[in-house]
Amino acid sequence: MVASRNYADFASEATFDIKKCDIHRLEEEPPTQAVLTREEGLQYYRTMQTIRRMELKSDQLYKQKIIRGFCHLYDGQEACCVGLESGINPTDHLITAYRAHGYTYTRGVSVKEILAELTGRRGGCAKGKGGSMHMYAKNFYGGNGIVPLGAGVALACKFFGKNEICLSLYGDGAANQGQIFETYNMAALWKLPCIFICENNRYGMGTSVERAAASTDYYKRGDYIPGLRVDGMDVLCVREATKFAADHCRSGKGPILMELQTYRYHGHSMSDPGVSYRTREEIQEVRSKSDPITLLKDRMLNNNLSNVEELKEIDVEVRKEIEEAAQFATTDPEPPLEEIANHIYRNDPTFDVRGANLWIKYKSAS
């Protein structure tokens, strides 16, 4: 700790102008100002830095062939998951696409459990069987390529009547699939408490949105469903828009769409270098002008919510946490073969599961 620092010298909160959201079929809109307390700022900064460092460590472990298989990294998009989580309740529900590591962390899973899951170890959040795309937590249903699942969770929210909502996330690539329009129709008919969220990071796998979509106004794609287009690189903008959308759903008005305009620094997955369909200069320009962590940091420093020394301390603590988690993820044992069939059901008695042929059987325990 820096001995000369006096916390009383810092401001307790500050008010910021944020970008106006584009709206569709809405008479009201999210605010264009947001209040950020010092505690919130420090929390958002630490969370986004943790996700950024965790993803960079995942990149390193993948290149060392310690992480194998599919791996979709989230660095660059941290303001989306942090802003969304700060705009809803822990009892609300969230289901996302395959770029799921950031949401797994904001929903309460530790870095240690996430990295151990990526390396396929017993200490992982899915016992080493899920990998990059299949991580779960309380009220978090992992990474999926099937958008209608979120509407199913929202139907359960309405059925149980606990004033809960579901956030259903997908990318700009999935936004062109037919299943999503069927889901919009059912959600609107049944007035489901669902926020459909398109994370538009400009590229569906390796195809730019301009080449893939006749209309890139994803927030209008619901037609009869209201929509918002939000600056997804600004954590405050995402937070305020999420609060607005959540209030809309809880009031019984049915679903709403949010398009978060964001950007990923890595390729679509680790098998994609990410520079064959865009230039290195484009990536660098986004980093230098729109980085979500830099934007928050500058706001906090320029408004006396923190100082350089305090934020550097957080950086050091985050790096230490990531290194310790990586050490665990590379030394924890892999699950034994006899556990391969476990956890098929949550609370069922143990039963037999057939293996690769009739003569191999495994026990499945909850």
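All figures in this text were calculated on a predicted structure; none of them were measured in a lab. We're numbering straight along the sequence, starting at 1.
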Once you measure the plane-to-plane angle for Y203 and Y277, does it fall in the parallel (<30°), tilted (30-60°) or perpendicular (>60°) bin?
tilted
Give the ring-plane orientation class for Y136 versus H134, where under 30° counts as parallel, over 60° as perpendicular and anything between as tilted.
parallel
State plainly whether the residues R229 and D22 are in salt-bridge range, i.e. N to O under 4.0 Å.
yes
Testing [options] for side-chain contact (heavy atoms from CB on, under 4.5 Å) with [X], which one passes?
X: H101; options: E117, E55, M133; result: E55
X: Y45; options: V82, L305, I314; result: I314
X: M258; options: L167, I197, L169; result: I197

Any pair counted as salt bridge (Lys or Arg N to Asp or Glu O under 4.0 Å), so long as it reaches residues 74-86, sequence neighbours left out:
R52-E78, E85-R107
Applying side-chain contact (heavy atoms from CB on, under 4.5 Å) to Y44 and S86, what does each step give before you reach the verdict?
CA-CA 9 Å; Y44 299 164; S86 61; 3.5 Å; yes
For a quick check under 3.5 Å, do Q77 and N201 share a side-chain donor-acceptor pair by atom type?
yes
P335 vs I340 side-chain heavy atoms within contact, under 4.5 Å
no
For F351 and Y345, I'd like to know if the aromatic rings sit close, meaning centre-to-centre distance below 6.0 Å.
yes
What's the spacing between D9 CG and N304 CG if we round to 0.5 Å?
7.5 Å
Reported CG-to-CG distance for the pair L84 and D92, which is rounded to 0.5 angstrom:
11.5 Å
